Number of protein chains: 2
Amino acid sequence: MYSNKYLSGNLSGIADGPMSVKQTLVLDGEKGELVKASETMGKKIAGSEPKTMAALKSHSDAERRRRERINAHLATLRGLLPISGKMDKATLLAEVISEVKQLKETARPASEGLHVPMDTDEVQVEKLEDKADGGSVLLRASLCCDYTPDLLFNVKQAISDLPGQLLKSEMSTLGGRVKIVFLITSSSAAEELHFSSIRAALSNILDKVSASAEYAQQIIFPQKRRRVSYVDS
Amino acid sequence: MYSNKYLSGNLSGIADGPMSVKQTLVLDGEKGELVKASETMGKKIAGSEPKTMAALKSHSDAERRRRERINAHLATLRGLLPISGKMDKATLLAEVISEVKQLKETARPASEGLHVPMDTDEVQVEKLEDKADGGSVLLRASLCCDYTPDLLFNVKQAISDLPGQLLKSEMSTLGGRVKIVFLITSSSAAEELHFSSIRAALSNILDKVSASAEYAQQIIFPQKRRRVSYVDS
DNA sequence: AAGGACACGTGATAC
DNA sequence: TGTATCACGTGTCCT
């Protein structure tokens, strides 16, 4: 075992391999030189006090146990992650934090109430929680309008044109009204660009839907007016 | 700064503090003794090669950067956790893994409740909360499948054939998948009958969709298998 | 060969 | 007091 190269596992000190003492240089910051370690050492060595020895061993032992605990937890986390491949310890942690965020976002709407479609047509794009963690931003876009048979077709087309990655979409209907909510990840670099192109895509849907809806409406409710509002945040 | 105690920040070696060279003992595993480090050292020291010096510095610098990266991520994770108090690094990780597990657990019913389409085709009919109100029962039916252009047409037809009164329908899409949920009132007398006819109607949709989807899929993914599950409750 | 990632032992420090 | 945690520089492997 590597850890016993300098520090023997048993105090009786049975020779069990070729020995090579290393880590013998000390970098002297003051002079900027390498010096022999012993040069600057005083009495302290005196050699082989068993007390110091035992203390040192238990110290490094404890430290090793600590490392093992941490690494075990890291391994557990690696197993919990959707990503399978081998990973850097730092990148693993980065993945974990993005996982946690994602899960939190996914779990939220359960408690945050439902998106009931209102009476005014609406296109809304907002940014959720920009904690400057890893350059990725979460956008929440929503569209509220009348339901028409071709709505879903238009939506689907718009989705494929959407920038970033679509995490989730949710749609609810009430009466003849419908509200669709999208959750989209965007790179913080292209954030504003995505922002406006999402807005454009959804507004485009709204236009088409409005056209066909207005046609149908004018037959039945010629008096009804259409109110449209665009909201950004 | 502590990190410069042994290794000076500048290679010119300006004296900037009291110096105390430490880490000079080497624990000899073979003999079980402390020895002077220099005892077992040969020529190698020769003193002050600038090459070795620079290499050593860049090495420890890199290692420090790595540590900082990891610790930064750990700090971020600490901030994401519901627990506020100070925490052991290992216990922090333990908390993170339990948090991830819990979020996964919480997110699953949320996903099912919020009707996020999963990867398996599914027809589900269940009875919600029969509070013996007035002989009327609430049924919740859902259909999960690939999205195809004719899906909505089929759904619309099936709806008109449905028994009972359709209270609400909700639909969400993710990727190419779609999940539709119906809320239907039924008389408790005809409950079982409605149950099976709803099942039949949705299964019928699923069959049609599967057919057209499979046709499209066999061109692109000939190996992909369709898994269908029927769930009652 | 130049640099990244990891485990190690050690000094410092808090309780 | 002993017994934890942490940051550090280093050796070693891998690319």
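Here is how names work: the chains are called A, B, and so on, in the same order as the sequence lines, proteins then strands, and each is numbered from 1. Since this is a predicted model, take the numbers as computed values, not measurements.
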Rounded to whole Å, the CZ-C1' distance (B/Arg78 to D/dC6) equals 12 Å
Validation row: A/Thr185, A/Leu139 side chains within 4.5 angstrom (heavy atoms): no
For A/Lys57 and C/dG9, what is the distance between atoms NZ and C1' respectively, to the nearest whole Å? 12 Å
Any side-chain heavy atom of B/Ser98 within less than 4.5 Å of one from B/Lys101? no
Counting C-beta onward and ignoring hydrogens, is there a side-chain heavy-atom pair between B/Cys144 and B/Asp121 closer than 4.5 Å? no
Taking OP1 and OP2 of C/dA7, is either one under 4.0 Å from a side-chain nitrogen or oxygen of A/Asn71? yes
Within-4.5 Å side-chain heavy-atom neighbours: B/Arg69 and A/Asp88: yes
May I have the distance from A/Leu56 (atom CG) to C/dA12 (atom C1'), rounded to whole angstrom? 14 Å
Min side-chain heavy-atom separation A/Glu122-A/Leu143 under 4.5 Å: no
Is B/Asn71 close to B/Lys89 at the side-chain level, that is, under 4.5 Å between some pair of heavy atoms? yes
Would you tell me if any nitrogen or oxygen in the side chain of B/Arg64 comes within less than 4.0 Å of OP1 or OP2 on D/dA7? no
Calculate the interatomic distance between A/Arg67 atom CZ and C/dT10 atom P; express it in whole Å. 11 Å
Using the C1' atoms of five pairs at each end, what's the angle between the two axes of the helix from C/dA2-D/dT15 to C/dC15-D/dG2, to 10 degrees? 0°
Contact list (N/O, under 3.5 angstrom) for nucleotides 1-5 of chain D vs protein:
from  : atom 1 : to      : atom 2 : distance (Å)
D/dT5 : OP1    : A/Arg69 : NH2    : 2.1
D/dT5 : OP1    : B/Asp88 : OD2    : 3.2
D/dT5 : O3'    : B/Asp88 : OD1    : 3.4

Could you check if a side-chain atom of A/Val155 sits within less than 4.5 angstrom of a side-chain atom of A/Ile205, using non-hydrogen atoms only? yes
A/Arg66 with A/Glu63: basic N within carboxylate O range, under 4.0 Å: yes
Can you measure B/Asp61 atom CG to D/dA7 atom P for me and round it to whole angstrom units? 17 Å
